[in-house]
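Both backbone and side-chain heavy atoms feed into the values below; hydrogens, waters and symmetry mates do not. Whatever order the structure lists them in is the order used to number ligands and atoms, beginning at 1.
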Amino acid sequence: MGTEKSAALFEEALRYIPGGVNSPVRAFRSVGTHPIFVDRAQGSKLWDCDGNCYIDYITSWGPMILGHCPEQIGQTISRVASKGTSFGLPTSVEVEMAREVTQAYPAIDMVRMVNSGTEATMSAIRVARGYTHRDKIIKFEGCYHGHNDGMLVSCGSGALTFQVPTSPGVPAAVVQDTIVCRYNDLRDVEAAFARYPGQIAGVIVEPVAANMGVVPPKEGFLQGLRQLTAENGAVLIFDEVITGFRLGLGGASQRYGVAPDMACFGKIIGAGLPVGAYGGRREIMEMVSPAGPVYQAGTLSGNPLAMSLGLEMLRELKAHPEIYTRLEEKAACLEAGFAQNIAQVGLPCTLTRVGSLLCLFFTEGPVEGYDQVRHSDTKKFAAYFASMLAQGVLIAPSQFEAMFVSAAHTQEDLEHTIAANRIALEAAAQA
Ligand SMILES: *Cc1c(COP(=O)(O)O)cnc(C)c1O
């Protein structure tokens with residue numbers, strides 16, 4: 001089947017929306033085609049407006065860990081919406097949500113709800129600065145923390161150089177307190193602490209980097225960050241917007257046994273509605289207004305509809321811990337199938353996987369950070385993507401994104417995906 005309706009919609013969208021989309025990666029630019037416009041989704045499947053059906057591994061970039069439209073959550077929407085969708089006053093569900101999150105994630109004692117992952121990291125950084133009375137923040141090359149001005153920095157020429165904003169519109173002054181280190185490189189972090197003694201408020205990190213493809217932390221990396229921040233009186237912030245409630249109820253913190261001082265959430269915590277959250281140790285979170293002097297607010301924060309859905313999601317995950325075992329098995333099955341295909345087709349590829357997050361890099365391994373990631377062959381990826389799509393398998397339209405496995409993916413889906421992968425790898429080999 002064709003995608004004429006999507007193509008026509010995109011053409012019209014381009015007249016009214018910058019680039020035709022409300023978030024850049026949706027434009028499918030890096031794979032050289034137009035986006036598919038979605039009609040609906042159910043379970044592991046997604047249908048575009050031309051009637052094509054795909055096995056969906058984007059899953060809204062992570063939130064739909066139970067698959068699309070899980071029954072319990074659908075019932076919650078109509079029940080809650082009929083009582084009103086926003087009050088701007090507290091509701092009991094916010095208290096329940098805060099209790100669930102802090103129980104699931106022992107490192108944090110208190111949590112504040114916001115409306116996106118971007119808002120969560122922005123606020124966490126402000127609180128870390130307010131708490132330490134210091135300004136500098138260390139981030140890692142290739143880690144994404146939303147589109148906050150201060151986090152939009154790249155570091156082309158290696159660590160610790162003068163920071164240049166990645167985007168026009170970000171004043172140089174705003175990023176002068178952002179220090180970029182190489183992911184998985186503790187020596188870079190040590191050097192930064194040595195260079196700016198007593199000036200570094202915190203270190204923010206994706207404990208599993210999942211916005212440059214998927215790059216697992218090397219053994220000891222997160223522990224090393226824990227130790228260095230503790231020694232230097234800096235706040236360790238885990239950005240668990242992707243990994244939170246995905247690598248287990250306690251996210252990457254639980255998986256790797258490292259307790260940060262603060263953590264940021266998004267995606268799964270809102271079950272597909274716009275939600276983010278940041279939390280931390282009591283002493284740090286009591287800095288937040290009105291308990292303390294660090295200002296942070298939101299008209300729609302803790303929105304009753306969003307909270308109810310998020311809570312339903314967290315309770316479902318908590319009530320069925322076997323979901324995580326199944327996710328691990330499914331993702332491992334894809335990994336093994338892909339690995340066999342790669343060996344047979346003989347392409348220089350690297351597979352990475354942590355729990356239900358996978359990535360197939362079109363470059364030779366090992367992939368330990370942005371230095372290796374950026375050598376991926378995006379032309380081969382584009383051919384691979386197009387072939388997968390034509391075979392009814394929807395993966396992120398970019399080499400630098402994760403593949404998300406959900407609880408709704410069936411054995412049949414996995415088998416079809418592995419068979420499609422074989423053909424798509426051959427297409428990539430020709431490209
Ligand atoms: C998606 C993401 C964000 C930003 O969240 P938004 O809800 O898109 O603002 C921040 N950090 C990480 C690790 C993310 O994956």
Side-chain angles (χ1 to χ4, degrees), residues 21-27 57-65 105 112-128 137-154 166-167 178 180 183 202-217 222 225 236-247 251-253 255-256 260 262-279 296 298 300-303 306-307 309-310 313 352 354-359 369-370 373 396-398 400-404:
V21 289
N22 283 310
S23 197
V25 72
R26 291 179 207 168
Y57 291 100
I58 297 179
T59 67
S60 186
W61 307 93
M64 313 321 289
I65 191 171
Y105 202 96
R112 176 58 73 79
M113 305 304 305
V114 292
N115 304 288
S116 69
T118 295
E119 221 187 313
T121 58
M122 177 185 81
S123 310
I125 288 169
R126 184 182 305 146
V127 173
I137 295 285
I138 294 179
K139 83 173 281 282
F140 294 91
E141 201 176 22
C143 282
Y144 178 66
H145 304 295
H147 64 93
N148 305 305
D149 281 355
M151 290 292 103
L152 287 181
V153 262
S154 69
T166 304
S167 165
T178 308
V180 179
Y183 193 75
V203 174
I204 187 165
V205 64
E206 283 184 77
V208 173
N211 283 284
M212 51 169 159
V214 176
V215 181
L222 299 174
L225 292 181
L236 179 60
I237 308 170
F238 276 4
D239 180 350
E240 298 239 26
V241 171
I242 283 185
T243 49
F245 307 101
R246 174 165 291 277
L247 301 184
S253 172
R255 191 176 184 103
Y256 294 100
M262 298 189 79
C264 301
F265 303 96
K267 302 195 168 115
I268 290 175
I269 205 173
L273 285 180
V275 180
Y278 67 99
Q296 188 271 307
L300 296 176
S301 295
N303 173 271
M307 289 301 99
L309 247 64
M313 170 72 92
T352 55
V354 179
S356 52
L357 297 167
L358 275 95
C359 188
Y370 191 67
V373 165
S398 162
F400 308 113
E401 302 286 353
M403 183 174 183
F404 296 94

(message) Tell me which one of I242, V208, V373, L358 satisfies side-chain contact (heavy atoms from CB on, under 4.5 Å) with V214.
(response) V208

(request) Determine whether the side chain, the backbone, both or neither of E206 has a heavy atom under 4.0 Å from any heavy atom of ligand 1. (result) side chain

(request) Using distance alone, determine whether G117 and ligand 1 share an N or O pair under 3.5 Å. (result) yes

(message) Strictly distance-based, threshold 3.5 Å: is any side-chain N or O of E240 a donor or acceptor partner for the main-chain N or O of P207?
(response) no

(request) Can you spot which of L236, I137, I237 makes a side-chain contact (heavy atoms from CB on, under 4.5 Å) with V203? (result) L236

(message) Is it the case that ligand 1 has an N or O less than 3.5 angstrom from some N or O of H145?
(response) no

(message) Just to be sure I read this right, does ligand 1 sit under 4.0 Å from the backbone of K267, its side chain, both, or neither, counting only heavy atoms?
(response) side chain

(request) For Y183, look at atom OH and say whether over 12 heavy atoms of other residues, nucleotides or ligands are found less than 6.0 Å away. (result) yes

(request) Please could you name the atoms of ligand 1 that I242 approaches to less than 4.0 Å, counting only its heavy atoms? (result) 15 (O)

(request) Indicate yes or no: at least one non-hydrogen side-chain atom of F404 is less than 4.5 angstrom from one of I58. (result) no

(request) Give the atoms of ligand 1, by number and element, whose distance to some non-hydrogen atom of S116 is under 4.0 Å. (result) 7 (O), 9 (O)

(request) Output the list of atoms in ligand 1 that are nearer than 4.0 Å to some heavy atom of D239, sorted by atom number. (result) 10 (C), 11 (N), 12 (C), 13 (C)

(request) With the side chain counted from C-beta on, respond yes when T243 and E206 share a heavy-atom pair under 4.5 Å apart, and no when they do not. (result) no

(request) Considering the heavy atoms of N211, write down every atom of ligand 1 situated less than 4.0 Å from one of them. (result) 12 (C), 13 (C), 14 (C), 15 (O)

(request) Would you mind running through ligand 1 and noting each atom that sits below 4.0 Å from a heavy atom of T118? (result) 4 (C), 5 (O), 6 (P), 9 (O)

(message) With no hydrogens and no angle check, just 3.5 Å: does a side-chain donor-acceptor pair link R126 and Q296?
(response) no

(message) Considering both backbone and side-chain atoms of Y144, is one of its nitrogen or oxygen atoms within less than 3.5 Å of a nitrogen or oxygen in ligand 1?
(response) yes

